[in-house]
Asks: 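Please read through the structure below; I'll follow up with questions.
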Amino acid sequence: MPRPTQRKSGSPFYFRTRVPADLVERLGRREVSYSLGTTDEAEAKRRHAAELAKHHAHWEAIRKGPQPIPMRTIMALCGEFYRDWVTGLSQEPGEAGVWQQVAAINAAISDKQGEERQAVLGRWYGASADGLLLRHGMLADDASRERLLDRLHDTVVRATETLSRRAGGDYGADPHEDRFPAPVRPVTSPEKGSDEAKGKTLTGLFGAWEKQAKADGKPAATIRDFRQKVDDLIAFLRHDSIRDMQPADIVRWLDYLRDERGLSGKTIGQKYLAAVRLMFSFAKSRAMGLGDPTEGLRVKAPKRQTTRDRGFTDDEAKRILSAARAGVGVSDRMSDHMRRAIRWVPWVCAHTGARVTEITQLRRSDVLTVDGIPCIRITPEAGSVKTGSHRIVPLHPQLVREGFVRMAEAMPSGPLFHAPGKSAKTTSGRIGGWVRDHAKVTDPALQPNHAWRHRLKTLSRDHDIAGEWADHLQGHSNPRAAEGYGERRVKALYREICKLPEYPV
């Protein structure tokens, strides 16, 4: 059995194995050898086993010959490429000008057509595509490889946009992350025993939890997010056996998320660890008899330091709304929905304090009149709503006079601010970039979309809007039992909205 070797004591361990005799001529070499990048023997053994499984899968794929790869798998590979690239560069993305140059190169590649395009894509992304396929023991047929190259280019375009925002100090939510499916399951050595029985693998446990979550009405976006976190742990450990998951393994994963991926303690604890811990909590509630390797584990999240208020100042708000009204940064190359979003999304957020994606996913049918009052309807039917509940929000008179309702009424049915079938989160991310690049509100301490929510809460306090009304208007959940009694009618909500001052734009 091959095992990691050292050239001398204290040096990195090496992976080394013979190429199967029937593949030597085809591959042009008799052995594979390279550094495992660690001097720790236990870690070297883990990496060696994973690399050996990868090569065995790749050799078997060569014997079978090139195979078609479905689009979902291609996009999962692209997601892996996206996360590796963005994570590796987000800590220090460099100057924004560098990413503008990269964007120009991307645009030049996008303009290529036919055979010239395929040749350029092969030169730029061929090595990355082959590396992804090798990592997962795949051998793509020509059509699938061409499609992978094409999708990798689109992924680079999106990663460039994200890193450009990072270079400008915008570390808000990534609008592209959710477009990729769960990671491709890593190839591993065959598991012993009966761990494939339902509930004995983390995948099986997640499947049982997912059924219950759907029955409980949990939002699809939440289930998708939890699946991504669970799959991330499986990909890191390179196995799925709950029996073999120890607390030390979870700690290594958490350290990797912090040290290699650059995630904050808050994100690691409240998202990644919380998602995995929930799986084992569910197992305990269903008497599955499984151990919990997350028990007692904690992630320290340093208290966030602030250098300013988290909402826009009067001057910043005026600057953004003026730029939106004037169409600063709008070009003929933009889609109609993006031009509408730049014009109206900042104004609607300013007057409602809604989450930006709740606005970018609005449909024509979500602009309506209730009791003679123009309103918008924020509903899970249109897309993700954090609380999972719909709400009606009356529109401020200034927003109506600006022409928002007239614009919506002139539109056909469907989404107002994104193309059908596309993600509203992409529009949200581009609005955040527009605020920094064109409205010139560049303070890195601000979240360029979320700051409207903080500002509206401040204005509510300044103008005697009670907290319970402000919470309802903004979709903040309130744990008080009394909140579940009675209704907040549109006329009463409109009374509160009208207390807010107009923007002197």
Side-chain angles (χ1 to χ4, degrees), residues 311-312 314 317 321 324-325 340 343-411 413-417 424 449-505:
F312 292 125
D314 291 346
L321 298 182
R325 179 195 277 170
R340 284 194 298 275
R343 171 62 181 95
W344 291 111
V345 170
W347 276 82
V348 179
C349 287
H351 285 91
T352 64
R355 299 173 182 88
V356 65
T357 304
E358 293 177 337
I359 302 307
T360 58
Q361 68 193 20
L362 284 176
R363 305 161 300 178
R364 165 65 184 87
S365 59
D366 294 323
V367 181
L368 66 166
T369 300
V370 179
D371 296 333
I373 299 169
C375 303
I376 57 173
R377 174 177 53 207
I378 295 172
T379 171
E381 291 180 350
S384 176
V385 176
K386 188 171 183 179
T387 61
S389 302
H390 89 288
R391 66 185 189 276
I392 301 294
V393 181
L395 298 178
H396 192 281
Q398 184 182 21
L399 186 57
V400 176
R401 288 201 308 275
E402 279 289 310
F404 173 72
V405 175
R406 290 196 302 273
M407 177 279 298
E409 289 177 343
M411 295 298 299
S413 61
L416 296 174
F417 303 121
N449 290 324
H450 201 68
W452 290 118
R453 285 177 68 72
H454 290 282
R455 177 175 173 81
L456 192 118
K457 196 71 85 177
T458 299
L459 291 176
S460 296
R461 294 173 183 137
D462 289 346
H463 297 279
D464 297 322
I465 298 178
E468 62 181 274
W469 291 102
D471 286 347
H472 182 81
L473 289 166
Q474 293 189 259
H476 276 129
S477 58
N478 193 316
R480 292 176 63 242
E483 292 301 306
Y485 288 81
E487 304 294 335
R488 287 178 177 79
R489 300 189 184 279
V490 167
K491 288 183 178 180
L493 291 167
Y494 185 61
R495 177 196 66 214
E496 301 301 312
I497 283 284
C498 288
K499 292 180 181 179
L500 296 173
E502 296 190 358
Y503 284 92
V505 180

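These values consider heavy atoms only, across backbone and side chains, with no hydrogens, waters or symmetry-generated copies.
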Asks: Tell me whether E502 at atom CD has more than 12 heavy atoms from other residues, nucleotides or ligands lying less than 6.0 Å away.
Replies: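 Buried by this count: over 12 neighbours within 6.0 Å.
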Asks: With a 4.5 Å cut-off on side-chain heavy atoms, are V348 and V345 touching?
Replies: no
Asks: Which residues pass the salt bridge (charged side-chain N to carboxylate O under 4.0 Å, His left out) test with E409, sequence neighbours left out?
Replies: none
Asks: Can you find a pair of side-chain heavy atoms, one from W469 and one from H472, that are under 4.5 Å apart?
Replies: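 They are not in contact (no side-chain heavy atoms under 4.5 Å apart), so the answer is no.
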Asks: Test of understanding: with salt bridge (charged side-chain N to carboxylate O under 4.0 Å, His left out), list the residues that count as partners of K499, not counting sequence neighbours.
Replies: E496
Asks: Are the side chain of W347 and the backbone of L321 linked by a donor-acceptor contact shorter than 3.5 Å?
Replies: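 Here the side-chain-to-backbone pair exists.
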Asks: Excluding sequence neighbours, so at least two apart, what forms ring-ring contact (aromatic ring centres under 6.0 Å, His included) with F417?
Replies: none
Asks: Between I359 and L362, does the side chain to side chain contact (heavy atoms under 4.5 Å, CB included) criterion hold? Intermediate values first, please.
Replies: CA-CA 5 Å; I359 302 307; L362 284 176; 4.1 Å; yes
Asks: SG of C375 to CZ of R391: how many Å apart, nearest 0.5 Å?
Replies: 12.5 Å
Asks: Can any side-chain N or O of R325 pair as donor or acceptor with the backbone N or O of V505 at less than 3.5 Å?
Replies: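 Side chain of R325 to backbone of V505: a pair is present.
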Asks: Not counting sequence neighbours, which residues clear side chain to side chain contact (heavy atoms under 4.5 Å, CB included) with R461? List them please.
Replies: K457
Asks: Tell me, please, which residues at least two apart from R489 pass side chain to side chain contact (heavy atoms under 4.5 Å, CB included).
Replies: none
Asks: Considering residues at least two apart in sequence or located in another chain, which fulfil the side-chain hydrogen bond (donor to acceptor under 3.5 Å, both in side chains) criterion with H351?
Replies: Q398
Asks: With rounding to the nearest 0.5 Å, note down the distance linking CD1 in I378 to NE2 in H390.
Replies: 10.5 Å
Asks: Checking R340 now: which residues fulfil salt bridge (charged side-chain N to carboxylate O under 4.0 Å, His left out) with it, not counting sequence neighbours?
Replies: none
Asks: Report the C-alpha distance between V405 and L395 in whole Å, list the side-chain angles of each, state the deciding distance to 0.1 Å, and finish with yes or no for side chain to side chain contact (heavy atoms under 4.5 Å, CB included).
Replies: CA-CA 9 Å; V405 175; L395 298 178; 3.7 Å; yes
Asks: So, using salt bridge (charged side-chain N to carboxylate O under 4.0 Å, His left out) as the criterion, who are the partners of D462 when residues are at least two apart?
Replies: none
Asks: Output all residues satisfying side chain to side chain contact (heavy atoms under 4.5 Å, CB included) with S365, sequence neighbours left out; order by chain, then residue number.
Replies: R363, R377
Asks: Using the test side chain to side chain contact (heavy atoms under 4.5 Å, CB included), find all partners of A408 that sit at least two apart in sequence or belong to another chain.
Replies: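 Partners of A408 under the side chain to side chain contact (heavy atoms under 4.5 Å, CB included) test: V367, L416.
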Asks: For H454, what residues pass the ring-ring contact (aromatic ring centres under 6.0 Å, His included) criterion, not counting sequence neighbours?
Replies: H450
Asks: Do the non-hydrogen side-chain atoms of V393 and L473 ever get within less than 4.5 Å of each other?
Replies: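 A side-chain contact exists here, since the closest heavy-atom pair is under 4.5 Å.
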Asks: Do R355 and T360 make a side-chain contact, defined as non-hydrogen atoms from C-beta onward lying under 4.5 Å apart?
Replies: no
Asks: Are D371 and Y494 packed together at the side-chain level, in the sense that at least one heavy-atom pair is separated by less than 4.5 angstrom?
Replies: no
Asks: Got a second to check how far L456's CG is from I465's CD1, nearest 0.5 Å?
Replies: 7.0 Å
Asks: Atom OH in Y503, atom NE2 in H396: separation rounded to 0.5 Å?
Replies: 9.0 Å
Asks: Kindly state each residue pair satisfying ring-ring contact (aromatic ring centres under 6.0 Å, His included) with at least one member in residues 364-384, sequence neighbours excluded.
Replies: none
